[in-house]
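What follows is a structure written as structure tokens; I'll ask about it next.
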Amino acid sequence: MARVHDTPRADGEEAQAMSGREHLYTAWTEALPLTAESAFSQALLELDRSDSPDAGNRALRDEQRAWLRTRSRGASTNNSAMLCERAWWVDAPARSERRKLAPYLCALAERYLTQTGSGVTLAPPTQLRALADAGSPTDTPTLAARWRWLTLALPQDSLIAALSAGPNAPPVDPLSDRVDLLPVGGARLLEEPCAETHLHIGASTSFAQLWAGWIGLGIDAFVQTNYGRTWSWPLGGQRRFAAIATSAALVRLVLASFLHTRDTRVSALSMRQFVSIEQRRHERDTLSGAAQILARAIATLHKPDAPETDPRDAARLYRRLCARRSRTAPSHHELDPLGALYGPHSASPETRFEARAMRWLRSNDDTLFELMFWQYLRFRVQVFRWLTYEPGTAGLDWFDTFNDRLRVFVPCIDRVIPRLAAQHANAGLSLRALEARTTFWSPPAPSTITQALQWFASGAIAEQRTPARVEARAPLEVAMILHFVKSANDPRTGRRIDRPIHGVSARWAPWITRAMKQARALAAALRYRPSLLLLLRGVDLCGRELSMPSWPALLPLRHVREASRRASVALSALRPEWSVPPLSVTLHAGEDFRRSVEGLRRVHEWLDAGVLVQGDRIGHGLSLGEAPEARTPLGACTLQPTTERLDDLLWEFDLYSRGALQAPAGRSVFVEQEILRLSRAMYGAQAGAIALAEHVRARQLRFDDAQLRRALDSQHPSESRAPRGGAAWLLAQHFDDELVFERGEKPIEVTTTAAELEFARDAQRMLRTHLAREQITVESNPSSNHLIADLDSLNEHPALSLQPLPGVPRDEPSVLLSINTDDPVLFATSLADEFAHIYYALVRRGVSAQDAVEWIDRVRANGYRSRFTVKASADPVVLGELVRGV
């Protein structure tokens with residue numbers, strides 16, 4: 001492999017400076033003129049340097065201060081003012097007090113990006129040094145850190161459009177919708193086979209793809225759907241949002257038609273004249289009030305006090321205008337009504353439209369066009385921000401909030417999601433295997449599972465037969481993974497299902513019952529049609545990790561695995577040339593935890609129960625790579641439910657008893673005393689007289705199939721199931737007793753000690769050794785972990801400790817690792833971007849460019865080898881048989 005010299009090494013004081021959040025604060029201030037709701041409400045057209053009470057940008061500055069107040073960790077308001085000065089004025093003309101948005105956004109794009117002969121890349125060091133001011137990045141790895149934050153505030157395609165419209169760019173359409181982040185040597189390694197193995201299908205597209213489908217096909221359905229009070233909508237309630245959305249869609253068509261007319265007919269019309277002509281034309285339209293609808297749509301965007309358009313009327317007019325433009329089969333570009341206006345191109349219609357609009361604004365003083373365009377673009381950015389995970393909102397609860405919002409947009413592209421997902425995942429690399437995850441379709445039945453697999457296969461066939469993939473001879477293996485979803489509440493009623501109800505149900509019985517229905521439906525589908533195993537390659541357990549213990553999922557996971565073994569045997573007799581093994585298991589584990597020991601225990605429970613075996617995978621697994629003291633330093637006090645703390649201690653004592661780990665001096669006595677104290681607190685005074693070995697065995701029995709099935713039998717109260725004083729009685733109390741449940745939920749304070757940290761390090765080393773021996777791969781999702789775990793920088797990502805870093809001595813075993821995206825639209829990323837983000841994190845840690853490339857290449861190869869897909873799934877003829885039910 002060629003040496004890589006185009007990315008400098010970052011170390012010393014420079015690397016230390018990059019570890020803070022100054023990049024986040026700067027990037028989000030840079031984006032504020034487009035992201036701020038105050039900018040939309042005021043229809044802001046220029047930046048004003050003054051901070052006087054009557055200045056036009058006062059509300060914008062106030063919004064920036066409000067955002068910083070809860071995130072800047074004690075920085076003064078003076079720091080807020082300096083951020084605005086640097087972000088908005090550093091590259092402005094000398095002595096300028098006002099600045100139009102088009103030149104500003106073009107200059108912002110030039111701070112980060114440069115155009116090449118084939119696309120767009122991060123700015124090289126020479127360009128950075130030419131543009132640098134005090135505190136701005138002067139090297140590409142540092143720039144990449146700030147770029148990561150900026151692209152969570154603004155869509156990449158808008159910045160690419162601004163770069164193409166800048167004064168230093170030729171007056172031609174952009175060549176691409178994406179930025180090639182890796183340097184030349186790093187990009188070359190992605191020409192080797194890559195696999196995407198952790199991808200949730202509902203969030204698997206880019207925002208640009210989602211927007212094209214929604215603006216092209218989804219407005220009607222959105223207007224007709226009442227989402228109730230589910231969310232806090234941007235820019236007002238749902239009706240206000242719908243009025244702005246339909247207005248923005250209409251205005252976008254008008255703006256694009258105006259630019260197209262100017263370009264093709266050499267017209268001298270201004271925007272105002274063009275709108276007048278359009279309104280007169282619509283006065284003759286058979287749709288009643290079409291001209292008035294258009295006028296109200298324009299006013300709705302930039303006049304907050306004007307009567308807003310009726311969303312249903314605007315949607316009808318929009319549908320009428322779109323019907324006049326022919327569209328072919330639904331691909332990314334063809335979903336967009338502007339596709340027929342602009343024709344085929346390597347860049348999307350949206351990117352080309354924005355580039356042409358900004359180019360027009362840079363050279364023409366057209367106030368109406370300016371108002372309409374910036375308000376449209378701000379609305380698009382508001383939607384982007386509403387869907388994209390916001391920095392500083394850590395935890396899976398917040399993730400669920402953002403993920404839930406996708407159901408407004410995803411239905412409009414549902415039938416083409418598999419194809420769009422493959423296109424997006426393939427951008428910038430050589431994708432050879434794609435695994436998509438989805439929940440069980442409702443109702444759980446063999447027919448709905450078969451339909452889901454056929455739906456996915458149809459999209460895969462369309463992608464496999466594209467000319468580009470056929471010409472490149474790059475077959476794409478595909479697979480689906482079905483989710484069992486953790487939840488402490490009934491999804492229909494919201495009622496808690498984690499607690500026991502005396503004489504009615506045991507703890508978690510409703511969840512186990514529902515999951516077993518899904519498992520039996522899957523088993524029946526495989527029994528009736530073993531060929532489904534070609535595409536159905538795994539099951540997963542996802543959701544809020546802390547909402548549910550491990551043991552309730554054991555029965556459904558084991559049931560499905562056994563059914564797949566039988567289906568594999570049957571399929572090998574029918575189609576031996578396919579070589580289809582039983583399905584595998586991948587589990588979200590060690591991702592969300594209060595204490596390091598808790599996360600490690602949850603990983604070990606799956607290994608100890610035999611659910612995770614050789615060749616399986618673990619999703620995220622942050623506890624395996626994170627230093628135990630990182631989350632709970634020595635002396636730190638953490639709240640933890642009594643039952644979780646007791647399980648941690650029982651696990652620890654069990655490992656000592658087995659001889660798997662050696663207890664630090666005095667630790668065993670402390671653990672024994674704590675177990676008895678907490679057991680008395682949960683189960684009552686009689687628990688203190690029960691031998692420790694019985695307490696340990698009671699926990700082990702939760703993972704026994706026979707005991708779990710017995711727990712589902714609600715005919716007998718717990719007292720009649722087992723005599724007092726042993727493991728069986730403790731287990732029955734745990735399953736059935738409401739008072740025990742309530743006591744177990746009580747939070748207690750746990751202080752981190754040196755002995756516990758030592759145990760956590762030993763347990764982590766033990767688990768890594770086990771995973772390495774069994775070749776179980778950890779699926780790393782850098783941007784997902786970066787945001788959900790609220791890391792200051794990707795430099796701290798736990799995955800970097802699972803594979804050895806060049807030149808860093810270590811005595812811990814290496815764990816197989818893959819790089820994936822998780823949810824591209826929520827984290828504004830792609831698979832190629834994720835490789836790049838980790839590459840630059842390595843360089844910022846002091847790893848040489850060449851060593852970073854070799855590390856990335858090793859992880860790429862690990863990920864490809866860990867795939868669950870089979871070669872036969874890359875044949876569209878074979879998939880066609882599955883779709884037809886052959």
Side-chain angles (χ1 to χ4, degrees), residues 488 496-502 505-509 545-552 593-602 604-605 632 635-657 663 666-703 707 711 717-719 721-753 755-757 759-760 763:
R496 288 189 67 168
I497 57 176
D498 57 341
R499 65 184 305 135
I501 301 175
H502 186 73
S505 69
R507 181 183 292 201
W508 291 106
E545 187 172 6
L546 295 180
S547 69
M548 194 175 97
S550 304
W551 56 265
F593 48 93
R594 287 162 286 241
R595 306 174 59 75
S596 180
V597 170
E598 183 180 53
L600 295 169
R601 169 176 59 82
R602 286 174 175 264
H604 186 254
E605 284 172 346
T632 51
C637 185
T638 311
L639 287 176
Q640 193 175 18
T642 300
T643 186
E644 293 290 338
R645 174 59 174 167
L646 180 56
D647 276 359
D648 286 349
L649 294 167
L650 288 169
W651 175 59
E652 183 176 353
F653 184 80
D654 188 21
L655 291 177
Y656 295 152
S657 301
R667 180 66 180 174
S668 290
V669 175
F670 170 81
V671 170
E672 292 174 17
Q673 292 173 346
E674 280 293 283
I675 288 173
L676 294 176
R677 182 179 72 83
L678 295 177
S679 293
R680 285 192 294 268
M682 268 189 65
Y683 298 102
Q686 63 270 36
I690 300 175
L692 279 171
E694 292 296 295
H695 286 277
V696 172
R697 176 159 170 71
R699 175 178 168 271
Q700 292 171 341
L701 287 175
R702 293 182 221 156
F703 298 85
Q707 296 295 334
S718 60
E719 288 80 6
R721 291 191 183 182
R724 291 176 179 267
W729 180 80
L730 287 169
L731 180 68
Q733 293 291 305
H734 185 85
F735 279 160
D736 296 340
D737 194 287
E738 295 177 70
L739 186 57
V740 169
F741 171 83
E742 291 175 358
R743 290 168 177 167
E745 290 292 289
K746 181 181 178 181
I748 58 173
E749 292 184 352
V750 183
T751 301
T752 303
T753 64
E756 182 180 7
L757 290 176
F759 163 71

Please give me the minimum heavy-atom distance between Ser547 and Ala488, naming the atom from each residue. O-CB, 3.8 Å
In Å, rounded to the nearest 0.5 Å, how long is the span from CD of Glu738 to CD of Gln733?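 It is 12.0 Å, given to the nearest 0.5 Å.
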Main-chain N/O of Gly688 paired to His695 side chain as donor or acceptor, under 3.5 Å: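 Side chain of His695 to backbone of Gly688, a donor-acceptor pair under 3.5 Å: no, none is there.
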Please check this pair: side chain of Thr642 against backbone of Lys746, looking for a donor-acceptor N/O pair closer than 3.5 Å. yes
Residue pair Ser679, Leu646: steps toward the side chain to side chain contact (heavy atoms under 4.5 Å, CB included) verdict: CA-CA 7 Å; Ser679 293; Leu646 180 56; 3.9 Å; yes
Hey, what do you get for CD1 (Ile675) to CD1 (Ile690), rounding to the nearest 0.5 Å? 13.0 Å
Applying salt bridge (Lys or Arg N to Asp or Glu O under 4.0 Å), name anything that partners Arg594, two or more places apart in sequence or on another chain.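 Partners of Arg594 under the salt bridge (Lys or Arg N to Asp or Glu O under 4.0 Å) test: Glu598.
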Decide yes or no on side chain to side chain contact (heavy atoms under 4.5 Å, CB included) for Trp651 and Val597, but give the supporting numbers first. CA-CA 9 Å; Trp651 175 59; Val597 170; 3.9 Å; yes
Test of ring centre spacing under 6.0 Å for Phe735 and Trp551: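 They qualify: ring centres under 6.0 Å apart.
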Provide the closest heavy-atom pair for Leu701 versus Gln707 in the form atom of the first, atom of the second, distance. O-CB, 3.4 Å
Mind listing the closest non-hydrogen atom pair of Val740 and Asp737 along with its distance?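 Heavy-atom minimum between the residues: N-OD1, 2.9 Å.
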For Tyr656, what residues pass the ring pair (Phe, Tyr, Trp, His ring centres under 6.0 Å) criterion, not counting sequence neighbours? Phe759
Heavy-atom count around Arg697 CZ within 6.0 Å, excluding the residue itself: above 12? no
I'd like to check the ring pair (Phe, Tyr, Trp, His ring centres under 6.0 Å) partners of Phe593; sequence neighbours left out, ordered by chain and number. none
What heavy-atom pair brings Pro552 and Pro549 nearest, and what distance separates the two atoms? CD-O, 3.4 Å
His734 backbone acceptor or donor facing Arg507 side chain under 3.5 Å: yes
Looking only at non-hydrogen atoms, find the nearest pair between Glu749 and Cys637 and report the distance. CB-SG, 3.5 Å
Output yes when Glu745 and Arg499 qualify as a salt bridge under the 4.0 Å nitrogen-oxygen rule, no when they do not.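 No.
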Leu678 versus Ile748: any side-chain heavy-atom pair under 4.5 Å?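 Leu678 reaches Ile748 side chain to side chain.
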Approximate separation, where rounding is to 0.5 Å, of Glu652 CD and Glu674 CD: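 So the CD of Glu652 and the CD of Glu674 are separated by 10.5 Å.
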Quick one: side-chain hydrogen bond (donor to acceptor under 3.5 Å, both in side chains) partners of Arg601, sequence neighbours excluded? Glu605, Glu644, Asp648
Dump the intermediate steps for salt bridge (Lys or Arg N to Asp or Glu O under 4.0 Å) on Arg702 and Asp647, then the final yes or no. CA-CA 11 Å; Arg702 293 182 221 156; Asp647 276 359; 2.9 Å; yes
Mind checking what makes side-chain contact (heavy atoms from CB on, under 4.5 Å) contact with Thr753, not counting sequence neighbours?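 Arg667, Ala755, Glu756.
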Say you draw a straight line from CD of Glu742 to CE of Met682; how long is it, rounded to the nearest 0.5 Å? 11.5 Å
side-chain contact (heavy atoms from CB on, under 4.5 Å) with Arg680: which residues, sequence neighbours excluded? Leu676, Arg677
Side chain to side chain contact (heavy atoms under 4.5 Å, CB included) assessment of His604 paired with Leu655: CA-CA 11 Å; His604 186 254; Leu655 291 177; 4.1 Å; yes
Does Leu731 reach the side chain of Arg699, with side-chain heavy atoms less than 4.5 Å apart?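 When only atoms from C-beta onward are counted, Arg699 and Leu731 do not touch, as no gap falls below 4.5 Å.
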Heavy-atom closest pair, residues Thr751 and Gly635: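 Closest approach of Thr751 to Gly635, heavy atoms only: CG2-O, 3.8 Å.
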Would you call Trp508 and Pro500 a side-chain contact if the rule is heavy atoms closer than 4.5 Å?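 The answer is no, as the side chains (C-beta and beyond) never meet within the 4.5 Å cut-off.
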